[in-house]
2 protein chains.
Amino acid sequence: MSESNARQRGRPRSFDEETALDELTALFWQKGYTQTSVADLVEASGVPKPSLYRIFGSKEELFASILRRYMATRMDMISTLVAHAGPGVDGIHTFLSLMRDDVVSGTSQNGCLLVAASAELHGSTPGFDDFGSAYRGALRERIYTLVERAGGADNDIDQRADLMLTWFMGLDVTTRGAGDEAEIDRAIDAMHATVDTWR
Amino acid sequence: MSESNARQRGRPRSFDEETALDELTALFWQKGYTQTSVADLVEASGVPKPSLYRIFGSKEELFASILRRYMATRMDMISTLVAHAGPGVDGIHTFLSLMRDDVVSGTSQNGCLLVAASAELHGSTPGFDDFGSAYRGALRERIYTLVERAGGADNDIDQRADLMLTWFMGLDVTTRGAGDEAEIDRAIDAMHATVDTWR
DNA sequence: CCTATTCGATACCGATCGGTTATAAATGTC
DNA sequence: GACATTTATAACCGATCGGTATCGAATAGG
């Protein structure tokens, strides 16, 4: 509570922190963690280098902050999609259509940042593996509620959620990997067809 | 034909090229392309640095050679799995079981190198995106023949192959992302359940 | 034994890496 | 207007990056 508007004395910042975080996120998203240099970050965000380190500590801590922030907004977005999807098998179809919009022409044209980051940093930079499994866990919860509202036996619901979760990560890979629109549509249509058998 | 045994004059090499390639592949596979330095490669493979550059040209060309080599062996392996799987829906179940062995205790515990590489280098290092789409294309051919032998309408076969392809990439992500054995089993069991509906 | 040839060991290169250290420029407070 | 405080500018740091050049060691052909 006492934190907001607490910045009064001293020279004002030349950048907006949220805007800068958006641009930092976009750059990491495009090029990956390792391939993005601090000089790149400074140039793209307009945040001076000493300020970057004063605020975030290091490149690694900055990336961790960005991943946390991204995780929160992405989970909010997926929760919203699930909420808008409605109940029943039709709700899943609606959800898939909404996801298609985001993947084809929305913000997720480079796949999921968390998937890319955990895949890139696994085995070389410890402390980032947790992001990947946390993402899969949070994503599964939302997919589960979506699938649950379509009915079926408990065991079926679990397995359908697991299938859709794994499929979802595969769609991320396809999206990032320069997959053209037709390839993405084939992947999504295939899921549509499978969902149809859940009626 | 005239190429084999052509290396005669000059000081003999202190390393076996195929063995070295295996170790270079393993290192790139673990740490990713960017996070692996040439010094790491030299240390892990035993190939002196000048020899690395004399034979492969550059780090980037070396990685391209390794990806081509990996692609060939991986496709051979998957073709073998498909061949051993046999016809019918049961063949797909067998295929999934064989895949599980490779993912859990085989050579693919870090996921697919091509998936990781194209995801890492996309957007930063041009010329590697093709590997990803080529991999998905070649993989889809093999999955298609597997699914085709289980029967069904042409349209169904196409969509089932697309589903299984996307699922497959998702399994790669799960495998690489420090997914424990139980999580991998859930992903595979979910596919088993879906395949059961194809009878 | 001499030469051509191929490779290994070592040192080296400029560039870039992530990160820091002045010092000056703005602000609010009094 | 003096002062404390926060930020921006710019130069700078050692380390490491990918890549190369030099030179000696090891082989085959003659």
Side-chain angles (χ1 to χ4, degrees), chain A residues 2-21 23-24 27-28 30-67 117 120-121 124-128, chain B residues 2-21 23-24 27-28 30-67 117 120-121 124-128:
Chain A
S2 62
E3 185 180 323
S4 64
N5 295 350
R7 190 178 303 120
Q8 290 169 345
R9 286 184 295 276
R11 178 171 176 170
R13 293 182 176 173
S14 63
F15 59 92
D16 176 64
E17 186 163 328
E18 290 301 312
T19 305
L21 278 171
E23 285 159 347
L24 294 168
L27 196 60
F28 276 129
Q30 273 184 11
K31 306 180 47 168
Y33 172 74
T34 312
Q35 302 253 22
T36 303
S37 71
V38 177
D40 293 335
L41 296 170
V42 168
E43 185 189 0
S45 68
V47 179
K49 206 199 288 195
S51 297
L52 260 186
Y53 281 91
R54 199 185 319 123
I55 300 174
F56 299 105
S58 68
K59 185 191 178 187
E60 196 170 320
E61 292 172 279
L62 166 63
F63 194 55
S65 297
I66 282 186
L67 288 186
E120 175 190 350
L121 268 42
S124 60
T125 311
F128 283 94
Chain B
S2 61
E3 186 178 326
S4 64
N5 294 351
R7 189 179 303 120
Q8 291 171 344
R9 283 184 294 280
R11 179 172 175 171
R13 293 182 176 173
S14 62
F15 58 92
D16 176 64
E17 186 163 329
E18 290 301 313
T19 304
L21 278 172
E23 284 159 348
L24 294 169
L27 196 59
F28 277 129
Q30 273 184 12
K31 306 181 45 168
Y33 172 74
T34 313
Q35 303 253 22
T36 304
S37 70
V38 176
D40 292 335
L41 296 169
V42 168
E43 184 189 2
S45 69
V47 180
K49 203 199 286 196
S51 297
L52 260 187
Y53 282 90
R54 200 184 316 125
I55 299 174
F56 298 105
S58 68
K59 186 191 176 188
E60 197 170 320
E61 292 173 279
L62 165 63
F63 194 54
S65 297
I66 282 187
L67 289 187
E120 175 190 350
L121 270 41
S124 59
T125 311
F128 282 95

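A note on names: the letters A, B, ... follow the listed sequences, proteins ahead of strands, and every chain is numbered from 1.
- Rounded to the nearest 0.5 Å, atoms CG (A:Asp16) and OG (A:Ser45) are 11.5 Å apart.
- Between the CZ atom of A:Phe56 and the C1' atom of C:dG19 there is a distance of 16 Å, rounded to whole Å.
- At distances below 3.5 Å, at least one donor-acceptor pair connects side-chain atoms of A:Glu120 with backbone N or O atoms of A:Tyr33.
- In this entry the distance linking CZ of B:Arg13 with C1' of D:dA25 reads 16 Å, nearest Å.
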### Task
Please report the C-alpha distance between A:Leu21 and A:Glu17 in whole Å, then the side-chain angles of each, then the deciding distance to 0.1 Å, and finally whether the side-chain contact (heavy atoms from CB on, under 4.5 Å) criterion is met.
CA-CA 6 Å; A:Leu21 278 171; A:Glu17 186 163 328; 4.3 Å; yes
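- Counting to the nearest Å, the P atom of D:dA8 and the OH atom of A:Tyr53 are 16 Å from each other.
- For the pair A:Arg54 CZ and D:dT5 P, the computed distance is 15 Å after rounding to whole Å.
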What does the list of N/O pairs under 3.5 Å between the protein and nucleotides 9-17 of chain C look like, with a distance for each?
from	atom 1	to	atom 2	distance (Å)
C:dC17	OP1	A:Ser37	OG	3.4

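- Taking the nucleotide of DNA chain D with the nearest heavy atom to each of B:Pro12 and A:Ser51, the more 5' of the two is matched to A:Ser51.
- Taking atom CD on B:Glu43 and atom P on D:dG18, their separation rounds to 14 Å, with Å as the unit.
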### Task
Determine, stepwise, if the pair B:Thr34 / B:Leu121 fulfils side-chain contact (heavy atoms from CB on, under 4.5 Å).
CA-CA 8 Å; B:Thr34 313; B:Leu121 270 41; 4.2 Å; yes
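- Comparing B:Gly10 and B:Val47 against DNA chain C, the residue whose closest nucleotide sits nearer the 5' end is B:Gly10.
- If you measure from atom CD of A:Glu60 to atom C1' of C:dG19, you get 13 Å, rounded to the nearest angstrom.
- Under the side chain to side chain contact (heavy atoms under 4.5 Å, CB included) test applied with B:Leu62, the options B:Val47, B:Leu67, B:Leu41, B:Ile55 reduce to a single match, B:Leu41.
- Atom CD of B:Glu17 is separated from atom P of C:dG8 by 11 Å (rounded to the nearest Å).
- The CZ-C1' distance, from A:Phe15 to D:dT7, rounds to 8 Å in whole Å.
- Sequence neighbours left out, the pairs with a member in residues 34-62 of chain B that pass salt bridge (Lys or Arg N to Asp or Glu O under 4.0 Å) are B:Lys31-B:Asp40.
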